Colleague: 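Would you mind keeping the following structure in view while I ask a few things?
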Amino acid sequence: PFRPFQSLVCEMALCRAVDNYLIYLSDLLAMIFSKRPESLKSSEQVTLAFVLGHQTLPRLISALVNKKVNQLSYQGMKELSGFFETRLEFPLFEFPDLFERAVLLIEIRNIIVHNRGVVNDTFSKRAPFGVWKKGKRVELSTTEVYEHIRFLADSVYGLDRLCDIEFDRD
């Protein structure tokens, strides 16, 4: 009974895993900013109304953290990874091929969600190392999806271990 829905289940599983990974990165950013509010320092400006809308400094910092996390979470993986590396001195990926794989998985998720899994120009530009041609559907096997989910889980595990060291988490 599973075979007719194998493609759908594979797509759903991959999309869910990538969504969870991106949420993890957002939560990680929020944790870092909360532990080290000075890492929010930048030339960005906020309005006086925004500042005065918060009764205490901790509430203002929390609002600034949420604002920055939301801003970064809507950028691409390249920008997000660059922010971690340059501003926080905390690399998300040890090797370029791991970064490329994460980008590919995010772009596969995006193409499944936004274009029924059919490769378009945006996908081709953002993930030139993908094996699918424009106009063709992304096809995923259960084995591939399992390996991709394992990769994302391993990435989270590695980042969590780094955070325990870098940010002295309890």
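Computed from a predicted model, the values in this text were never measured in an experiment.
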Colleague: Below 3.5 Å, can you tabulate the donor-acceptor pairs from side chains in residues 146-155 to any protein atom, sequence neighbours excluded?
Modeller:
residue: H148; atom: ND1; partner: R101; partner atom: NH2; Å: 3.2
residue: S155; atom: OG; partner: Y21; partner atom: OH; Å: 3.0

Colleague: Please enumerate all residues that pass ring-ring contact (aromatic ring centres under 6.0 Å, His included) together with H54, with sequence neighbours excluded.
Modeller: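 Expected list: F50.
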Colleague: Can you sort out the partners of R137 under side-chain hydrogen bond (donor to acceptor under 3.5 Å, both in side chains), two or more places apart, ordered by chain and number?
Modeller: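 Partners of R137 by the side-chain hydrogen bond (donor to acceptor under 3.5 Å, both in side chains) criterion, ordered by chain and then number, come out as E11.
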Colleague: Who are the salt bridge (charged side-chain N to carboxylate O under 4.0 Å, His left out) partners of D121, not counting sequence neighbours?
Modeller: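 Once residues adjacent in sequence are excluded, the partners of D121 under the salt bridge (charged side-chain N to carboxylate O under 4.0 Å, His left out) criterion are K134.
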Colleague: List the residues meeting side-chain contact (heavy atoms from CB on, under 4.5 Å) with F95, not counting sequence neighbours, and say none if there are none.
Modeller: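 Partners of F95 under the side-chain contact (heavy atoms from CB on, under 4.5 Å) test: D97, L98.
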Colleague: Could you work out, with ring-ring contact (aromatic ring centres under 6.0 Å, His included) as the rule, every residue matching F99, not counting sequence neighbours?
Modeller: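 Expected list: F93.
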Colleague: Apart from L8 itself, what residues make up its hydrophobic cluster, given side-chain heavy atom links below 4.5 Å?
Modeller: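 Besides L8, the cluster holds M12.
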Colleague: Who passes salt bridge (charged side-chain N to carboxylate O under 4.0 Å, His left out) against E38, sequence neighbours left out?
Modeller: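 For E38, no residue satisfies salt bridge (charged side-chain N to carboxylate O under 4.0 Å, His left out) once neighbours in sequence are set aside.
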Colleague: Only counting residues at least two apart or in another chain, list the ones meeting side-chain contact (heavy atoms from CB on, under 4.5 Å) with Q71.
Modeller: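 Partners of Q71 under the side-chain contact (heavy atoms from CB on, under 4.5 Å) test: E44, K68, Q75.
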Colleague: Go through the structure and list residues passing side-chain hydrogen bond (donor to acceptor under 3.5 Å, both in side chains) with R126, not counting sequence neighbours.
Modeller: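 With neighbours one apart ignored, the set is empty.
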Colleague: Show me the donor-acceptor pairs within less than 3.5 Å that the side chains of residues 57-66 make with the rest of the protein, sequence neighbours left out.
Modeller:
residue: R59; atom: NH1; partner: Q55; partner atom: OE1; Å: 3.2
residue: N66; atom: ND2; partner: S62; partner atom: O; Å: 3.4

Colleague: Under the rule for side-chain hydrogen bond (donor to acceptor under 3.5 Å, both in side chains), what residues qualify as partners of E144, not counting sequence neighbours?
Modeller: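 Partners of E144 under the side-chain hydrogen bond (donor to acceptor under 3.5 Å, both in side chains) test: S141.
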